[in-house]
Amino acid sequence: MTFNNVKRVFSPGSLLFATTTSFLLAAGFDISRSDNLVAYYGQNSYGATHASSTYSQGPLSSYCQDDTVNVISVAFLHKFFSNGGLPEIDLANTCNNNNGNVFPGTNLAICHQLGDDVKTCQNRGKIVTISLGGATGSTAFSSDGQARTFAETVWNLFLGGSSDIRPFGDAVLDGVDLDIEGGSGTGMPAFVTRLRELSKGASKRYYVTAAPQCPFPDAYLGSAINAVGFDAIFVQCEYRLRSWQTN
């Protein structure tokens with residue numbers, strides 16, 4: 001297990017970054033290093049709260065031109081079980097299910113245009129993962145069996161499996177990030193274990209990362225982190241500036 005001592009900070013634009021104390025000044029990703037820069041894409045965090053479109057979320061491929069970014073986690077798959085038994089994804093102004101652009105019988109958005117961007121990033125040596133959860137996510141399992149089945153769903157929708165329903169078309173993501181901030185820890189070890197089983201012997205490496213909160217052990221990911229191997233841990237340590245009033 002690789003523990004990267006990282007923190008998350010908001011950038012001036014639309015990405016949320018997890019980074020170490022120094023940057024890897026190269027386009028590619030190297031799991032053996034501890035200074036990879038991880039960017040969370042998909043929430044339009046600045047643009048959603050500011051009238052100016054200057055820093056609104058742009059195409060995914062535009063951020064891959066930055067050679068300091070090594071990993072992009074597409075965020076978020078925020079609901080595990082929705083219509084048709086399939087999940088929901090919300091990528092803000094890039095792709096969501098608000099306009100009815102979903103697979104029939106589901107609330108799963110069709111984001112095929114994002115597939116080409118994913119490939120562009122991968123061709124530049126970066127890895128692109130799907131991040132599950134978020135602050136408002138509905139991400140609980142009722143049992144280990146349900147968690148294992150959901151791992152198979154994620155594998156077929158986004159990773160190395162196959163399905164007639166693939167939100168990003170024929171693009172194959174490089175792994176899964178767990179940013180679980182609610183629900184419970186039930187089934188999380190089983191979910192990760194099943195993903196490992198599915199990726200064993202695959203033609204490329206698939207990564208599983210976690211983004212726990214600072215307090216240890218994490219309420220929702222602690223059991224999984226203790227029980228199974230993760231490729232990297234992105235600890236969420238948020239630093240807030242306190243304003244002081246002087247008389």
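Contacts of Asp174 classified as salt bridge (charged side-chain N to carboxylate O under 4.0 Å, His left out), with partners at least two apart in sequence or in another chain: Lys204.
Heavy-atom minimum distance, Phe103 versus Thr106: O-OG1, 2.8 Å. Here the closest non-hydrogen pair linking Cys95 and Ala109 is SG-CB, 3.8 Å. Taking all atoms of both residues into account, the shortest heavy-atom contact from Ala140 to Gln146 is O-OE1, 4.2 Å. Here the shortest heavy-atom pairing between Leu77 and Pro87 reads CD2-CB, 3.7 Å. Annotation for Asp179 and Gln236: closest pair OD1-NE2, 2.8 Å, computed over non-hydrogen atoms. Minimum interatomic distance between Val172 and Tyr206 (heavy atoms only, all atoms of both residues): CG1-OH, 3.4 Å.
When side chains are defined from C-beta on, Leu108 does not count as touching Ser82, because their heavy atoms never get closer than 4.5 Å. The shortest side-chain heavy-atom distance between Leu114 and Leu60 falls under the 4.5 Å cut-off. Looking at heavy atoms from C-beta onward, Val74 lies in side-chain contact with Phe168 at the 4.5 angstrom threshold. Contact check for Thr153 versus Phe158: no side-chain heavy atoms found under the 4.5 Å cut-off. The side-chain heavy atoms of Asn70 and Lys126, taken from C-beta on, include no pair separated by under 4.5 Å. The closest side-chain heavy-atom distance from Ser73 to Ile130 is not below 4.5 Å. The shortest side-chain heavy-atom distance between Ile127 and Gln122 does not fall under the 4.5 Å cut-off. Residues Phe76 and Thr136 have side chains not in contact (no heavy-atom distance under 4.5 Å, counting atoms from C-beta outward).
Note that CG of Asn107 and CG of Leu86 are 10.0 Å apart. Values are rounded to the nearest 0.5 Å. Rounding to the nearest 0.5 Å gives a distance of 13.0 Å between OH of Tyr63 and OG1 of Thr68. In this structure, CZ in Arg148 is found 11.0 Å from OG in Ser143, a value given to the nearest 0.5 Å. The CG atom of Asn44 sits 4.0 Å away from the CG atom of Asn93 when rounded to the nearest 0.5 Å. Considering CG of Asp67 and CG of Leu37, their distance stands at 11.5 Å, rounded to 0.5 Å.
The backbone N or O of Gly58 lies less than 3.5 Å from no partner atom in the side chain of Ser62, so there is not a single donor-acceptor pair. Between the side chain of Ser199 and the main chain of Ala202, no donor-acceptor pair closer than 3.5 Å is present. In this structure a side-chain-to-backbone donor-acceptor pair under 3.5 Å is present from Asn36 to Arg33. Side chain of Arg124 to main chain of Gly28: no donor-acceptor pair is present (N/O by atom type, distance under 3.5 Å, no hydrogens or angles). In this structure a side-chain-to-backbone donor-acceptor pair under 3.5 Å is present from His112 to Arg166.
Electrostatic pairing of Lys200 and Glu197 does not count as a salt bridge here, judged by no charged N lying under 4.0 Å from a carboxylate O. The pair Arg196-Asp231 counts as a salt bridge, with a side-chain nitrogen and a carboxylate oxygen less than 4.0 angstrom apart.
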Legend entry - Full working for salt bridge (charged side-chain N to carboxylate O under 4.0 Å, His left out) between Asp90 and Lys79: CA-CA 9 Å; Asp90 185 353; Lys79 191 171 186 177; over 6 Å; no
Legend entry - Verdict with supporting geometry, Glu152 and Leu198, side-chain contact (heavy atoms from CB on, under 4.5 Å): CA-CA 8 Å; Glu152 294 166 5; Leu198 292 166; 4.0 Å; yes
Legend entry - side chain to side chain donor-acceptor pair (under 3.5 Å) between Gln213 and Asp218, intermediate numbers included: CA-CA 6 Å; Gln213 306 291 314; Asp218 185 86; 5.2 Å; no
Inset, instruction - Decide side-chain contact (heavy atoms from CB on, under 4.5 Å) for Glu181 and Thr139; before the verdict, give the C-alpha distance in whole Å, the side-chain angles of both, and the deciding distance to 0.1 Å. - result: CA-CA 8 Å; Glu181 300 183 31; Thr139 53; over 6 Å; no
Legend entry - side-chain contact (heavy atoms from CB on, under 4.5 Å) assessment of Phe141 paired with Met188: CA-CA 8 Å; Phe141 297 122; Met188 290 300 168; 3.9 Å; yes
Legend entry - Intermediate values then yes/no, side chain to side chain donor-acceptor pair (under 3.5 Å), Ser131 and Tyr41: CA-CA 9 Å; Ser131 186; Tyr41 172 88; over 6 Å; no
Inset, instruction - Begin from the C-alpha positions of Cys214 and Val235 and carry the test side-chain contact (heavy atoms from CB on, under 4.5 Å) through to its verdict. - result: CA-CA 6 Å; Cys214 260; Val235 181; 4.0 Å; yes
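Ring pair Phe29/Tyr207: centre-to-centre distance below 6.0 Å. Phe150 has its ring centre less than 6.0 Å from the ring centre of Phe81.
No donor-acceptor contact under 3.5 angstrom links the side chains of Asp177 and Thr129, judged on distance only.
One hydrophobic cluster, built from ILVMFWY side chains closer than 4.5 Å, cannot hold both Leu91 and Val102; they sit in different ones.
Screening residues 114-147 for disulfide (SG to SG under 2.5 Å), with sequence neighbours left out, gives Cys64-Cys121.
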